[in-house]
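Report on the structure given below.
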Number of protein chains: 2
Amino acid sequence: MADPTRRAVIETLLKGPASVSDLHAPHAMAMPSFLKHIRKLEDAGLVTSQKTGRTRMIHIEAAPMRAAEDWLSRQRKLWEGRLDRLQTLAEALERKPQ
Amino acid sequence: MADPTRRAVIETLLKGPASVSDLHAPHAMAMPSFLKHIRKLEDAGLVTSQKTGRTRMIHIEAAPMRAAEDWLSRQRKLWEGRLDRLQTLAEALERKPQ
DNA sequence: TGATTACTTAGCCATATGGCTAACCAACTT
DNA sequence: AAGTTGGTTAGCCATATGGCTAAGTAATCA
């Protein structure tokens with residue numbers, strides 16, 4: 001979910017639930033194109049929606065957001081480990097330059 | 001650079017520089033396909049290479065690795081902020097259920 | 001009822017991604 | 001010199017992604 005449109009939608013939804021057209025407004029893109037992004041967010045479970053009358057309200061889902069943050073945390077630790085190993089490697093190469 | 005092949009290559013290179021064929025060996029993929037991944041890593045600056053005779057050695061680059069970790073750090077903080085706002089939002093919605 | 005609004009469906013298009021084979025060159029090995 | 005090895009180039013292919021238009025449906029407004 002690295003897509004800028006999708007990220008912006010998430011960001012907007014943090015201010016509260018919104019209708020599809022509200023969410024659509026700031027994006028210079030045709031509705032059907034935009035709807036695809038909403039569908040992907042729904043498929044990913046980041047967002048839920050319910051239709052009342054002819055408007056569909058989109059709500060952000062807390063659980064997967066927390067999951068996303070956990071994932072980032074874990075990734076960061078992984079990279080920390082990598083940097084450590086890189087450090088070790090650099091030192092090893094320095095000791096035997098050839 | 002979310003591709004699993006590329007990630008595995010980086011992981012291997014943390015053990016030290018390696019030739020293209022060494023890196024290729026564990027991946028069930030034709031050489032030209034694999035080479036494309038190496039090229040992308042080079043284009044992204046994560047890796048450098050030099051050819052001696054007919055073999056090309058690939059080296060990992062420290063600076064962009066550090067940059068990657070910084071980026072992850074920043075992202076994590078962003079998501080922390082988002083979770084905070086989500087919390088606030090949830091509380092607000094609870095107070096006025098309709 | 002007729003028009004407008006808010007989506008929705010269907011289908012087309014360009015580009016990107018990750019894979020393949022075939023053929024090639026250059027550098028060793030025998 | 002002939003063969004093998006390590007890498008490279010070129011070009012094809014399937015699928016995915018992110019965009020579009022055109023045409024629909026259903027709800028609400030005038």
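Because the structure is predicted, anything quoted here is derived from the model rather than measured. Sequence lines set the chain letters: A, B, ... in the order given, protein chains first and strands last, and positions in each chain run from 1.
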(request) Answer yes or no: is there a side-chain heavy-atom contact under 4.5 Å between A:M29 and A:T5? (result)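 Counting from C-beta outward, A:M29 and A:T5 do come under 4.5 Å.
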(message) Working note: B:L14 + B:M65, criterion side-chain contact (heavy atoms from CB on, under 4.5 Å); need CA distance, chi angles, decisive distance, verdict.
(response) CA-CA 11 Å; B:L14 288 172; B:M65 296 286 286; 4.2 Å; yes
Gap between atoms [atom1] and [atom2], on [X] and [N] respectively (whole Å):
| X | N | atom1 | atom2 | value |
| --- | --- | --- | --- | --- |
| A:D3 | C:dA16 | CG | P | 15 Å |
| B:D22 | D:dT5 | CG | C1' | 13 Å |
| B:H27 | C:dC20 | NE2 | P | 13 Å |
| B:H24 | C:dG18 | NE2 | C1' | 14 Å |

(message) If only side-chain N and O atoms count, and only distance matters, is there a donor-acceptor pair under 3.5 Å linking B:E42 with B:S49?
(response)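 Their side chains do contain a donor-acceptor pair, which is all the 3.5 Å distance test asks for.
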(message) For C:dA6, does the base pair up with any side-chain atom of A:R54 as donor and acceptor (N or O, under 3.5 Å, distance only)?
(response)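 Absent.
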(message) Nearest to the A:T5 side chain among D:dG19, C:dC28, D:dT8, which nucleotide is it?
(response)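 Looking only at side-chain atoms, A:T5 lies closest to D:dG19.
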(message) For B:R7, is there an ion pair with B:E11 - N to carboxylate O distance below 4.0 angstrom?
(response)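 Salt bridge between B:E11 and B:R7, a charged N being under 4.0 Å from a carboxylate O: no.
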(message) Tell me if a side-chain donor or acceptor on A:S19 pairs with a main-chain N or O of A:D22 at a distance below 3.5 Å.
(response)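 Yes, A:S19 side chain to A:D22 backbone: donor-acceptor pair under 3.5 Å.
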(message) Against the six-membered ring of A:W79, is A:R76 placed for a cation-pi contact (under 6.0 Å from the centre, within 45° of the normal)?
(response)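 So A:R76 doesn't make the cation-pi contact.
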(request) Let me know, please, whether A:T52 or B:V20 comes out on the 5' side of the other along DNA chain D by nearest nucleotide. (result)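 Its nucleotide being nearer the 5' end, the pick is B:V20.
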(message) Counting only heavy atoms and a strict 4.0 angstrom limit, can you tell me which residues of residues 31-50 of chain B come near DNA chain D?
(response)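 Correct list: B:M31, B:P32, B:L35, B:R39.
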(message) It should be established whether A:K51 places a side-chain nitrogen or oxygen under 4.0 Å from OP1 or OP2 of nucleotide C:dT8.
(response)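 Indeed, a polar side-chain atom of A:K51 lies that close.
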